[in-house]
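Every heavy atom of this structure was used, including side-chain atoms; hydrogens, water molecules and symmetry mates were not. First listed ligand is number 1; within each ligand, the first listed atom is number 1.
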Amino acid sequence: MGIVINYCENYEEMSWQAAEIVAGEIKSKENFVLGLPTGSTPLGMYENLIEMNKSGKTDFSKITTFNLDEYYPIKRDNSQSYYKFMFDNFFGKININPENINIPDGEATDAKIECGTYDQKINHAGGIDLMVIGIGPNGHIGFNEPGNFLLPNTHVAVLTEETKEANKRFFDSVNEVPDRALTMGMGSIIAKSKKILMLVSGKSKANAFRQFLEGKITSGNPATFLYLHNNIIVLSDIEI
Ligand code: F6R
């Protein structure tokens, strides 16, 4: 218990270990609840899990999933929606029951109500058994960006210019990047997850990860709030 940090040789090794952890956890419990991120980091893990599903090693038919975040407003069929990302890269390739997939709704008419409903849905599912997350170059988790304060529950986040700039590569132009997002808060992540698996991949994360390893909790680096949880596994493909 506490925080276990495991350095991996490379991205492939990290992705394999992550998939093994997820597959092992899913097997350990009926009706498993899995929290998931988007981004480039988890792609290798998703590929391994898809293979494990194809070979019959891992069954997703009874799991329920909750995604960490989604742009707002955004149509599900927008090529940049996290909804589309998840179906293209994972859900569309495994035997999951679509009714058990939960992603904050970028099409909701009332964003605040959607956020409250999302936390209730997580509670109703009995919490998240394993939450997988990535980390941003500035220590962000989901759309919980560094700042003077953090909002604990699932909430509407206003994207910083920095984040919009970083994400514009996926859109036609920076003007196309939605200016808000729906994100689980650090409080929802910590309080509602029984176990958290954080994947740290790429040199751009070195500063944020180094600061994380110092072990001081600061809203200047949202990842450091994970020290308030007592069951964290970190897999990193960069050595600090
Ligand atoms: C993804 C998310 C983000 C990413 C982070 C790292 O749902 O919420 O916080 O985990 O930006 O992104 P990548 O993996 O692309 O480096």
Could you tell me whether the side chains of E145 and T163 share a donor-acceptor contact shorter than 3.5 Å?
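Checked: E145/T163 side chains pair up, N/O donor to acceptor below 3.5 Å.
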
Are N167 and Y71 close enough that a side-chain donor and a side-chain acceptor fall under 3.5 Å?
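A pair is found: one side chain offers a donor N or O, the other an acceptor, under 3.5 Å apart.
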
Test: E20 and K57 ion pair at under 4.0 Å:
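Looking at E20 and K57, the cut-off is met.
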
Partners of N6 by side-chain hydrogen bond (donor to acceptor under 3.5 Å, both in side chains), sequence neighbours excluded?
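Result, side-chain hydrogen bond (donor to acceptor under 3.5 Å, both in side chains) vs N6: Q17.
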
Roughly how far, to the nearest 0.5 Å, is CD1 of I133 from NE2 of H140?
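So the gap between those two atoms works out to 10.5 Å.
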
Under a 4.0 angstrom heavy-atom cut-off, which atoms of ligand 1 come close to [X]?
{"X": "S40", "value": "13 (P), 14 (O), 15 (O)"}
{"X": "G39", "value": "14 (O), 15 (O)"}
{"X": "L68", "value": "8 (O)"}
{"X": "D69", "value": "1 (C), 2 (C), 7 (O), 8 (O)"}

Got the closest protein heavy atom to [atom], with its distance?
{"atom": "atom 16 (O) of ligand 1", "answer": "K205 NZ, 2.7 Å"}
{"atom": "atom 5 (C) of ligand 1", "answer": "H140 NE2, 3.5 Å"}
{"atom": "atom 14 (O) of ligand 1", "answer": "T41 OG1, 2.5 Å"}
{"atom": "atom 1 (C) of ligand 1", "answer": "T38 OG1, 3.2 Å"}

Got an N/O contact under 3.5 Å between Y82 and ligand 1?
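Min N/O separation from ligand 1 is not below 3.5 Å for Y82.
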
Partners meeting salt bridge (charged side-chain N to carboxylate O under 4.0 Å, His left out) with K192 (sequence neighbours left out):
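Not a single residue meets the salt bridge (charged side-chain N to carboxylate O under 4.0 Å, His left out) criterion with K192.
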
Run down the list G142, G139, G136, G202 and name the one with the heavy atom closest to atom 3 (C) of ligand 1.
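It is G142 that holds the nearest heavy atom.
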
Using heavy atoms and a 4.0 Å limit, tell me yes or no: is I135 in contact with ligand 1?
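In this structure, I135 qualifies as a contact of ligand 1 - some heavy atom is under 4.0 Å.
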
Using the side chain to side chain donor-acceptor pair (under 3.5 Å) definition, which of the options N95, N48, D59 pairs with N53?
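Filter result, single survivor: N95.
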
Given F143 and Y72, is the ring-ring contact (aromatic ring centres under 6.0 Å, His included) satisfied, shown in steps?
CA-CA 11 Å; F143 279 96; Y72 188 85; over 10 Å; no

